[in-house]
Engineer: 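The structure follows.
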Amino acid sequence: MKIGGSLFILLTLAACKSIQEPVELISFDGTQIEQFSGQLVKFKASFHIQNKLWVPVKMKPGSFELFVDQQKIGNLYLDSSIKIRGHRESELTVPMRMIPEPGFITTVYKAAKKPIANVKISGFPKAGVLFIYKTFPISKEAQIEPAQFIPFIPTF
């Protein structure tokens with residue numbers, strides 16, 4: 001029993017060693033805005049994610065910084081835990097909120113008028129398997145076409 005328990009803990013730690021690689025974002029399916037004001041933006045984001053591990057991965061609530069064209073537009077908060085089922089593709093709808101920086105609308109508007117905008121998200125989420133959690137840094141950058149996300153921006 002002690003050998004089996006030790007082997008189980010060792011395998012769990014090995015699986016936890018590198019959670020970033022086995023969990024892959026397949027697609028971003030859009031957002032649904034629930035509340036939009038100068039002080040708070042609440043929305044639900046939809047994703048398709050694949051977990052290549054045989055065990056479920058759980059991410060605890062946390063916060064991230066959001067940048068557009070190297071300018072911080074706000075802090076993004078995940079207020080509830082996310083559970084990604086083991087060894088399969090999952091569709092997630094995640095409730096989030098953003099506390100915008102002053103002048104974020106101007107920054108987003110300028111980016112929306114460009115053909116390509118640089119978007120960056122960074123933070124230190126806490127994720128793990130079973131009862132073992134690890135904090136790791138995330139810094140993802142992508143180039144997006146703003147017209148896909150904001151199709152009806154008025155031009156003056």
Engineer: Do any N or O atoms from the side chain of Asn51 and from the backbone of Arg85 form a donor-acceptor pair under 3.5 angstrom?
Structural biologist: yes

Engineer: Do Ile84 and Ser90 have side chains that approach each other closer than 4.5 Å (heavy atoms only, starting at C-beta)?
Structural biologist: yes

Engineer: Looking at Lys58, I want to see if its NZ is surrounded by more than 12 non-hydrogen atoms of other residues, nucleotides or ligands under 6.0 Å.
Structural biologist: no

Engineer: Does any part of the side chain of Met98, heavy atoms only, come nearer than 4.5 Å to the side chain of Phe104, both counted from C-beta?
Structural biologist: yes

Engineer: What residues form a side chain to side chain contact (heavy atoms under 4.5 Å, CB included) with Leu40, not counting sequence neighbours?
Structural biologist: Gln35, Ser37, Lys42, Arg97, Ile99

Engineer: Check whether any side-chain heavy atom of Leu76 sits under 4.5 Å from a side-chain heavy atom of Phe43, and report yes or no.
Structural biologist: yes

Engineer: So, taking the atom named CD in Glu101 and the one named OG1 in Thr107, what distance separates them when rounded to the nearest 0.5 Å?
Structural biologist: 9.5 Å

Engineer: To the nearest 0.5 angstrom, please state how far the CG atom of Leu78 sits from the NZ atom of Lys60.
Structural biologist: 12.5 Å

Engineer: Of all residues at least two apart in sequence or in a different chain, which pass the side-chain hydrogen bond (donor to acceptor under 3.5 Å, both in side chains) check with Glu91?
Structural biologist: none

Engineer: Does any pair with a residue in residues 69-102 pass ring-ring contact (aromatic ring centres under 6.0 Å, His included), and if so which ones, sequence neighbours excluded?
Structural biologist: Trp54-His87

Engineer: Got a sec, which residues hit side chain to side chain contact (heavy atoms under 4.5 Å, CB included) with Ser27, two or more places apart in sequence or on another chain?
Structural biologist: Asp29, His48

Engineer: Using side-chain heavy atoms (C-beta onward) and a distance below 4.5 Å, is Ser80 in contact with Pro61?
Structural biologist: no

Engineer: What is the minimum heavy-atom distance between Lys83 and Leu92, and which atoms define it?
Structural biologist: O-CD2, 4.0 Å

Engineer: Run the numbers on Glu34 and Lys44 for side-chain contact (heavy atoms from CB on, under 4.5 Å), then give the verdict.
Structural biologist: CA-CA 8 Å; Glu34 296 176 345; Lys44 290 184 180 179; 2.8 Å; yes

Engineer: Could you walk me through whether Phe67 and Glu141 pass side-chain contact (heavy atoms from CB on, under 4.5 Å), step by step?
Structural biologist: CA-CA 9 Å; Phe67 298 86; Glu141 290 188 51; over 6 Å; no

Engineer: So, using side chain to side chain contact (heavy atoms under 4.5 Å, CB included) as the criterion, who are the partners of Lys110 when residues are at least two apart?
Structural biologist: Thr106

Engineer: Please give me the minimum heavy-atom distance between Met96 and Ala45, naming the atom from each residue.
Structural biologist: SD-CB, 4.3 Å

Engineer: Is any side-chain heavy atom of Leu66 closer than 4.5 Å to one of Phe64?
Structural biologist: no

Engineer: Only distances under 3.5 Å count here; give the side-chain donor-acceptor pairs of residues 116-129 to other protein atoms, sequence neighbours excluded, each with its distance to 0.1 Å.
Structural biologist:
| from | atom 1 | to | atom 2 | distance (Å) |
| --- | --- | --- | --- | --- |
| Asn118 | OD1 | Gln143 | NE2 | 3.2 |

